[in-house]
Amino acid sequence: MDTIAVIDFETTGISPEHGARATEIAAVLVRDGVVVDRYQSLMNAGAWVPPFIEALTGISNEMVRAAPPAAKVMREVADFVGGHPMAAHNASFDRKFWDAELARAGRSRTQDFACTMLLARRLLPHAPNHKLGTLVEFAGLPVAGRYHRALADAEMAASLLVRLEDELVARFRLGAVTHGLLCEIQGMPARELDRFIRSGTTSGVRARFFAR
DNA sequence: TGCCAGGCCCTCTTTAGGGCCTT
């Protein structure tokens with residue numbers, strides 16, 4: 001099974017295109033269903049942390065001011081992740097900040113992102129919702145720490161990713177789950193995958209994936 | 001001081017609107 005780097009950002013807002021900056025990054029490496037290495041750091045991007053965000057994350061302006069420069073942290077975490085394929089919960093969010101902060105540090109991304117939220121929508125459709133915390137509880141996964149801190153969220157997203165890989169192995173009788181397979185499934189029209197799952201006719205899915 | 005996004009997906013749809021999810 002691929003080694004996958006699962007990341008999580010804490011930020012000052014929603015969109016880096018409108019001034020939001022990262023305040024914390026964590027990355028964990030998952031191999032054969034186990035977290036084998038971890039990176040975590042606060043970072044100082046010179047951004048102001050709004051009160052709402054400080055209440056949400058527990059990350060204050062004082063903590064950010066005392067943190068290492070954002071570019072230094074991003075180069076460290078990029079070296080930690082290396083060329084491993086990546087994953088995040090609602091990856092479109094973390095991918096935007098990863099690309100934006102990495103560009104400011106003079107680096108660029110080469111690998112794809114898998115998204116545990118898109119996969120969970122397809123593989124755990126009966127969860128009450130598809131927030132990370134709800135899915136952790138729904139799947140009976142361990143709570144790794146305070147929600148909305150980067151390392152805890154990355155660890156829980158990694159646990160969820162492993163659980164989703166197990167679901168795929170069991171449902172489609174796959175020998176292994178690659179990152180490419182995860183990306184393909186998250187990109188399948190939900191109704192198409194749902195038809196396979198509901199019908200119990202998994203041979204078409206297996207043929208499609210094994211044919212590649 | 002503290003504004004703000006966007007891709008995915010469902011449906012009372014497709015010539016659109018709105019909820020979800022991330023901070």
Side-chain angles (χ1 to χ4, degrees), chain A residues 5-28 40-65 67 70 73-74 77 86-104 109 112-139 141 144-161 164 182-198:
Chain A
V6 182
I7 71 160
D8 185 78
F9 274 105
E10 303 307 319
T11 72
T12 63
I14 291 297
S15 174
E17 295 173 353
H18 289 78
R21 296 296 305 272
T23 57
E24 187 180 39
I25 176 75
V28 302
Q40 176 274 332
S41 182
L42 292 165
M43 68 177 87
N44 183 359
W48 178 76
V49 181
F52 166 71
I53 297 294
E54 181 173 343
L56 179 71
T57 66
I59 297 172
S60 67
N61 282 290
E62 290 72 21
M63 292 165 68
V64 168
R65 277 198 292 270
V73 171
M74 288 306 301
V77 70
M86 301 180 73
H89 194 68
N90 194 14
S92 65
F93 175 86
D94 291 280
R95 186 179 58 228
K96 279 190 303 186
F97 279 94
W98 181 264
D99 289 349
E101 295 292 353
L102 216 54
R104 289 174 179 270
R109 174 174 59 93
D112 290 332
F113 267 84
C115 177
T116 52
M117 186 191 74
L118 293 179
L119 289 163
R121 281 180 176 171
R122 289 160 172 77
L123 298 171
L124 302 174
H126 302 302
N129 60 57
H130 296 91
K131 296 177 183 177
L132 180 60
T134 302
L135 289 165
V136 165
E137 181 177 358
F138 180 76
L141 302 173
R146 174 182 172 146
Y147 286 106
H148 296 299
R149 284 304 298 264
L151 184 58
D153 281 1
E155 296 252 15
M156 290 187 282
S159 294
L160 177 60
L161 179 69
L164 294 167
L182 295 174
C183 290
E184 180 158 6
I185 288 176
Q186 78 188 25
M188 279 181 75
R191 286 177 179 173
E192 182 182 344
L193 185 64
D194 197 45
R195 276 198 299 274
F196 283 118
I197 292 172
R198 288 178 187 277

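Chain letters run A, B, ... following the sequence lines, proteins first, then strands; residues in each count from 1. Keep in mind that this is a model prediction, so the values were computed, not measured.
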Nearest to the [X] side chain among [options], which nucleotide is it?
X: A:Lys131; options: B:dT23, B:dA5, B:dT22; value: B:dT22
X: A:His89; options: B:dT23, B:dC9, B:dT22; value: B:dT22
X: A:Trp48; options: B:dT23, B:dG2, B:dC21; value: B:dG2
X: A:Arg122; options: B:dC8, B:dC4, B:dC21; value: B:dC8

Aromatic plane relationship, A:Phe113 with A:Trp98 - under 30° parallel, 30 to 60° tilted, over 60° perpendicular: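 Rings of A:Trp98 and A:Phe113: perpendicular, as their planes differ by over 60°.
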
For the [atom1] atoms, the ones on [N] and on [M], what distance do you get once it is rounded to whole angstrom?
N: B:dC12; M: B:dG17; atom1: C1'; result: 11 Å
N: B:dG7; M: B:dT13; atom1: P; result: 24 Å
N: B:dC8; M: B:dT14; atom1: C1'; result: 16 Å
N: B:dC4; M: B:dT23; atom1: C1'; result: 12 Å

Under 3.5 Å, side chain of [X] to main-chain N/O of [Y], donor-acceptor pair present?
X: A:Thr116; Y: A:Leu161; answer: no
X: A:Thr12; Y: A:Arg21; answer: yes
X: A:Ser15; Y: A:Glu17; answer: yes
X: A:His89; Y: A:Asp94; answer: no

In this structure, how many angstroms lie between the [atom2] atom of [N] and the [atom1] atom of [X], rounded?
X: A:Phe9; N: B:dC21; atom1: CZ; atom2: P; answer: 22 Å
X: A:Ile25; N: B:dT22; atom1: CD1; atom2: P; answer: 16 Å
X: A:Met117; N: B:dC20; atom1: CE; atom2: P; answer: 12 Å
X: A:Asn61; N: B:dT1; atom1: CG; atom2: C1'; answer: 12 Å
X: A:Leu119; N: B:dC20; atom1: CG; atom2: P; answer: 20 Å
X: A:Arg121; N: B:dC8; atom1: CZ; atom2: C1'; answer: 6 Å
X: A:Leu124; N: B:dC20; atom1: CG; atom2: P; answer: 18 Å
X: A:Asp153; N: B:dT22; atom1: CG; atom2: C1'; answer: 10 Å

Would you kindly compare A:Ser15 and A:Pro51 by the position of their nearest DNA chain B nucleotide and give the one closer to the 5′ end?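 Its nearest nucleotide being more 5', the pick is A:Pro51.
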
Toward the 5' end of DNA chain B, which comes first, A:Thr12 or A:Asp8, by nearest nucleotide?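 Its nearest nucleotide being more 5', the pick is A:Thr12.
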
Touch class at under 4.0 angstrom, heavy-atom based, for A:Phe97 against every strand present: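 Nothing, no heavy atom under 4.0 Å.
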
At 4.0 Å (heavy atoms only), tell me whether A:Thr57 reaches a base, stays on the sugar-phosphate, or touches nothing.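 Touches sugar-phosphate only.
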
Report yes if a side-chain nitrogen or oxygen of A:His148 is closer than 4.0 Å to either non-bridging phosphate oxygen (OP1 or OP2) of B:dT23; otherwise report no.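 Affirmative; the distance criterion is met.
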
Establish, with yes or no, whether the OP1 or OP2 oxygen of B:dC20 is under 4.0 angstrom from a side-chain nitrogen or oxygen of A:His130.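 It does not, given that no N or O in the side chain of A:His130 lies less than 4.0 Å from OP1 or OP2 of B:dC20.
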
Check whether more than 12 heavy atoms from other residues, nucleotides or ligands sit under 6.0 Å from atom NZ of A:Lys96, and answer yes or no.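 Count over threshold, so yes.
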
